[in-house]
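Only one structure is covered here, and it is reproduced in the block below.
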Amino acid sequence: MCPITNTNFSYSKTLMEFPVDFIRFLTSATRVVVLTGAGVSQESGLRTFRDAQDALWAQYKPEDLASPEAFARDPKLVWDWYAWRREAIKGVRPNPGHYALVEMENRIPAFTLITQNVDGLHRFAGSRNVLELHGNIQRVRCAECGTFTETWGDDTESVPLCVVCGGMLRPDVIWFGEALPRAELEAAVKASRSCHVYFSIGTSGVVQPAASLAYAARNNGSVVVEINAEPTPLTSKVDFAFHGKSGEILPDLAKAVWGV
Ligand code: APR
């Protein structure tokens with residue numbers, strides 16, 4: 001059972017201190033898992049899905065754009081929406097939160113970064129052991145035969161077609177109602193069930209199965225930490241909660257633990 005009692009901290013930029021027992025625990029941890037969500041990319045200029053006025057799902061209906069049914073109903077609408085998001089992502093760069101996670105990976109023997117983000121910014125920042133649970137928007141594959149392609153025309157009246165079978169191309173992301181990639185999910189569950197410290201960063205914790213990984217870690221006796229701009233359904237279940245911007249908290253944490 002986890003030795004540390006529940007402590008909630010509202011992090012303000014000037015408060016550089018982290019709880020001593022937390023620092024001590026993280027310093028000695030050799031197996032660490034981090035789950036990230038859209039919040040970790042917010043400071044790079046990408047919109048999240050649920051938390052802000054300009055959140056994507058406040059303006060668009062996920063059922064109209066991010067489901068197999070939506071693609072069957074209006075493939076061009078769905079294709080164009082992902083093309084628009086792909087362009088938005090091309091225009092941004094990782095932020096200090098992404099880079100601090102790279103620093104952590106460089107100093108922790110078994111570090112697993114599980115992300116719900118399809119923006120590819122973790123790898124762009126230099127993260128290596130990344131499990132993309134929801135796919136990657138920069139990858140495109142055939143909706144029929146599954147063939148991946150590096151090139152496709154975006155300036156067409158209709159959805160580009162697969163050169164192998166003629167099927168329509170689609171982004172290699174997981175839509176609502178679709179199963180997650182088996183290998184990534186199994187690796188994520190395995191890592192979460194055997195880590196010393198589990199971080200939930202920049203995610204509202206409402207989308208399954210990703211949201212259940214923290215509980216798998218907790219049931220394993222891991223120290224569970226939340227870093228998020230606001231409390232989530234997970235907050236009351238964690239050992240440490242730091243509420244603020246991940247692009248500020250993570251660099252300070254890396255400095256406090258490893259002096260980087
Ligand atoms: N730093 C830390 N947390 C932040 C920041 C920030 N700078 N900005 C926003 N947040 C927090 C918000 O408070 C919110 O709790 O990030 C969370 C983002 O939550 P969502 O928008 O729900 O995104 P996410 O949890 O990643 O969504 C999960 O849902 O729509 C699907 O497939 C999509 O992967 C996505 C999944």
Side-chain angles (χ1 to χ4, degrees), residues 8-13 34-68 70-71 78 81-82 85-86 88-89 92-101 113-122 125 130-139 170-181 184-185 188 199-214 225-238 240-253:
N8 272 333
F9 283 76
S10 180
Y11 189 90
S12 68
K13 191 65 198 97
V34 169
L35 173 77
T36 64
V40 86
S41 295
Q42 185 269 336
E43 291 155 87
S44 293
L46 293 181
R47 295 159 69 175
T48 61
F49 293 96
R50 289 177 189 83
D51 71 297
Q53 287 310 326
D54 70 345
L56 289 170
W57 297 149
Q59 187 176 0
Y60 306 100
K61 291 204 196 74
E63 61 274 16
D64 292 345
L65 293 161
S67 70
F71 189 65
V78 172
W81 191 67
Y82 281 93
R85 288 182 58 195
R86 206 176 290 124
I89 291 167
V92 304
R93 290 292 172 267
N95 65 64
H98 293 104
Y99 291 112
L101 291 170
L113 203 165
I114 306 166
T115 190
Q116 299 167 90
N117 300 345
V118 297
D119 56 35
L121 290 180
H122 284 302
V130 181
L131 299 172
E132 294 175 320
L133 283 187
H134 295 167
N136 186 311
I137 202 171
Q138 305 300 350
R139 286 195 305 264
R170 57 161 286 175
D172 184 36
V173 299
I174 306 299
W175 285 330
F176 287 100
E178 291 188 319
L180 271 58
E184 284 81 354
L185 182 57
F199 285 87
S200 175
I201 306 178
T203 180
S204 56
V206 297
V207 173
Q208 295 296 351
S212 64
L213 295 171
V225 184
E226 180 178 68
I227 297 176
N228 207 59
E230 59 191 354
T232 71
L234 181 67
T235 304
S236 63
K237 305 283 188 319
V238 304
F240 293 98
F242 302 100
H243 292 140
K245 294 186 170 195
S246 53
E248 295 177 358
I249 296 173
L250 287 168
D252 286 341
L253 181 61

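All ligand and atom numbering here is 1-based and tracks the order in the structure.
- Checking R50, E248, K245 against atom 31 (C) of ligand 1, the nearest heavy atom belongs to R50.
- No side-chain heavy atom of R93 sits less than 4.5 Å from a side-chain heavy atom of N95.
- Side-chain contact of Q42 with T48: a donor-acceptor pair under 3.5 Å is absent, judged by distance alone.
- Comparing S204, G244, P231 against atom 19 (O) of ligand 1, the shortest heavy-atom distance belongs to S204.
- Annotation: H134 places an N or O atom under 3.5 Å from an N or O atom of ligand 1; distance criterion only.
- Any N or O atom pair closer than 3.5 Å counts here, and A38 shares at least one such pair with ligand 1.
- Within ligand 1, the atoms closer than 4.0 Å to a non-hydrogen atom of A229 are 2 (C), 3 (N), 4 (C), 5 (C), 10 (N), 13 (O), numbered from 1 in the order shown.
- Every residue two or more places apart in sequence or in another chain that forms a side-chain contact (heavy atoms from CB on, under 4.5 Å) with P96 is listed here: P251.
- In this pair, W175 and F71 present their aromatic rings tilted. The plane angle is within the 30 to 60° band.
- If you number the atoms of ligand 1 from 1 as listed, the ones under 4.0 Å from a heavy atom of G202 come out as 3 (N), 16 (O), 17 (C), 18 (C).
- Here atom 25 (O) of ligand 1 lies nearest to T203 when heavy atoms of V207, T203, V206 are compared.
- Within ligand 1, the atoms closer than 4.0 Å to a non-hydrogen atom of F176 are 30 (O), 31 (C), numbered from 1 in the order shown.
- L65 pairs by the side-chain contact (heavy atoms from CB on, under 4.5 Å) definition with Y60, L77, W81, not counting sequence neighbours.
- When heavy-atom distances to ligand 1 are checked against a 4.0 Å cut-off, Q42 comes that close only through its side chain, counted from C-beta outward.
- The G37 neighbourhood of ligand 1 comprises atoms 26 (O), with distances under 4.0 Å to a heavy atom of that residue.
- Residue-ligand proximity: A211 is placed with every non-hydrogen atom at 4.0 Å or more from ligand 1.
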